[in-house]
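Everything below concerns the one structure shown next.
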Amino acid sequence: MGGDVTIETERLALREFHRDDWESVHEYAVDPEVYHFMPWGPNSEEQTLAFIERAVASRERDPRLHFELAVTLREDGRLIGGAGIHVADEGFRTAGMGYCLRRDAWGKGLATETAAGLIGFGFRRLGLHRIWATCDTRNVRSARVLEKVGMELEGTMRDDTWLRGHWRSSRLYSILDSEWNPGEAHGPAGSGEAPRAEDRR
């Protein structure tokens, strides 16, 4: 899939990262409340700059398998987080997804809108069969988001990640193309589609 990607939802535009986005990303990448359940953080400036460089470089790959996108508000263009969908196996058409929003964007349904946008992009544009996501077993809010967008709990991966001196367990969620209902959540606007992880910066 060539060219820059933009996913538009009712209130959001998920667009390609630009190098000058790094300061906005760094603001939430050093917030303990934001990175608490994430496998990264707190970021140094060098780590945030490296993340941006990886996101920019992924656009040049052919075939492109990694889509790290800035989550922005359509009304004013403000960057409020990041989201990604990453193709794990082209033959089996599977991908993992994740998202992360700054703290002042919580509690407004924007994470759900972000996740729904990623799923719609994955099934409609990438032709995926299965999309999965994980969240810390303690992260109740993220689990609710994944359930709201139609994902089903497959199970718990016990002590799967060593994080800040402790083992953490993760819930694994997934959705299949045959289960996806684009009218269930906030679908992309203006993209020919029906109105509608954590673990990414």
Candidates D159, N139, D136, D160 - the one meeting side chain to side chain donor-acceptor pair (under 3.5 Å) with S170: D160

On a heavy-atom basis, the closest approach of F17 and G81 is CZ-O, 4.4 Å

Assigning hydrophobic clusters by single linkage (Ile, Leu, Val, Met, Phe, Trp, Tyr; side-chain heavy-atom cutoff under 4.5 Å), is V56 placed with I85? yes

Quick one: CD1 on I80 to OG1 on T72, what's the gap to the nearest 0.5 Å? 7.5 Å

Between R130 and R93, is the side-chain contact (heavy atoms from CB on, under 4.5 Å) condition met? List the steps. CA-CA 7 Å; R130 177 178 181 269; R93 293 158 47 212; over 6 Å; no

Over 60° means perpendicular and under 30° means parallel, so classify the ring planes of W180 and F123, tilted if in between. tilted

Using side-chain heavy atoms (C-beta onward) and a distance below 4.5 Å, is R15 in contact with D21? yes

Parallel, tilted or perpendicular: ring planes of F67 versus F121, cut at 30 and 60 degrees: perpendicular

Joint cluster assignment, V5 & I119, ILVMFWY side-chain distance < 4.5 Å: yes

I'd like to know if R54 and E68 make a salt bridge, using a cut-off of under 4.0 Å between side-chain N and carboxylate O. no

Ignoring hydrogens, what is the shortest heavy-atom contact between V34 and M38? Give both atom names and the distance. O-CG, 3.7 Å

If you define the side chain from C-beta out and look only at heavy atoms, does anything of Y35 sit under 4.5 Å from W40? yes

Using salt bridge (charged side-chain N to carboxylate O under 4.0 Å, His left out), reason through R64 and E90 one step at a time and then give a plain yes or no. CA-CA 10 Å; R64 183 176 179 182; E90 286 186 278; over 6 Å; no

Answer yes when E113 and K148 have at least one side-chain N-carboxylate O distance shorter than 4.0 Å, and no when they do not. no

Interatomic distance, CD1@I131 vs CG@L126, rounded to 0.5 Å, equals 8.0 Å

Do the side chain of E154 and the main chain of L172 share a donor and acceptor less than 3.5 angstrom apart? no

Evaluate the side-chain proximity of R19 to E53: yes if any heavy-atom separation is below 4.5 Å, no if none is. yes

E179 side chain vs L176 backbone, donor-acceptor pair below 3.5 Å: yes

Expected output: side-chain E27 to main-chain S24 donor-acceptor under 3.5 Å: no

One pair to check against side-chain contact (heavy atoms from CB on, under 4.5 Å): T94 and H129. What are the steps and the verdict? CA-CA 6 Å; T94 63; H129 170 64; 5.6 Å; no

With side chains defined as the heavy atoms from C-beta onward, is the minimum distance between L14 and L118 less than 4.5 Å? yes

Identify whether F92 and M151 are in the same connected component of the hydrophobic contact network (ILVMFWY, side-chain heavy atoms under 4.5 Å). no

Ion pair check, R124 and D177, cut-off under 4.0 Å: no

From W132 atom CH2 to M97 atom CE, the distance as rounded to the nearest 0.5 Å: 10.5 Å

Taking side chain as C-beta onward, heavy atoms only, is L101 less than 4.5 Å from T114? yes

Do R11 and E75 sit within salt-bridge range, that is, some charged N less than 4.0 Å from a carboxylate O? no

Between Y28 and C100, is any pair of side-chain heavy atoms under 4.5 Å apart? yes

Within the structure provided, determine whether S142 and F37 are in side-chain contact (heavy-atom separation under 4.5 Å). no

Minimum side-chain heavy-atom gap L146-Y99 below 4.5 Å: yes

Treat each ILVMFWY residue as a node, draw an edge where side-chain heavy atoms are under 4.5 Å apart, and state whether L49 and V30 are in one component. no

Output yes when a side-chain donor or acceptor of R102 lies under 3.5 Å from a complementary backbone atom of V25, and no otherwise. no

In short, T9 meets G117 closest at the heavy-atom pair CG2-CA, 4.2 Å

Hey, what's the ring geometry for H86 with H66, parallel, tilted or perpendicular (30° and 60° as the breaks)? tilted

Taking side chain to side chain contact (heavy atoms under 4.5 Å, CB included) as the test, write out the residues that go with L163, two or more places apart. T161, R168

For the residue pair V149 and A115, what are the closest heavy atoms and their distance? CG1-CB, 4.0 Å

Side chains of T48 and N43: do they bring a donor and an acceptor to under 3.5 Å? yes

Taking everything shown except R144 itself, do over 12 heavy atoms lie less than 6.0 Å from its CZ? no

For E33, which residues count as a side chain to side chain contact (heavy atoms under 4.5 Å, CB included) partner, sequence neighbours excluded? D31, R103, W106

Test side chain to side chain contact (heavy atoms under 4.5 Å, CB included) applied to T137 - qualifying residues, sequence neighbours left out: T156, S169, R171

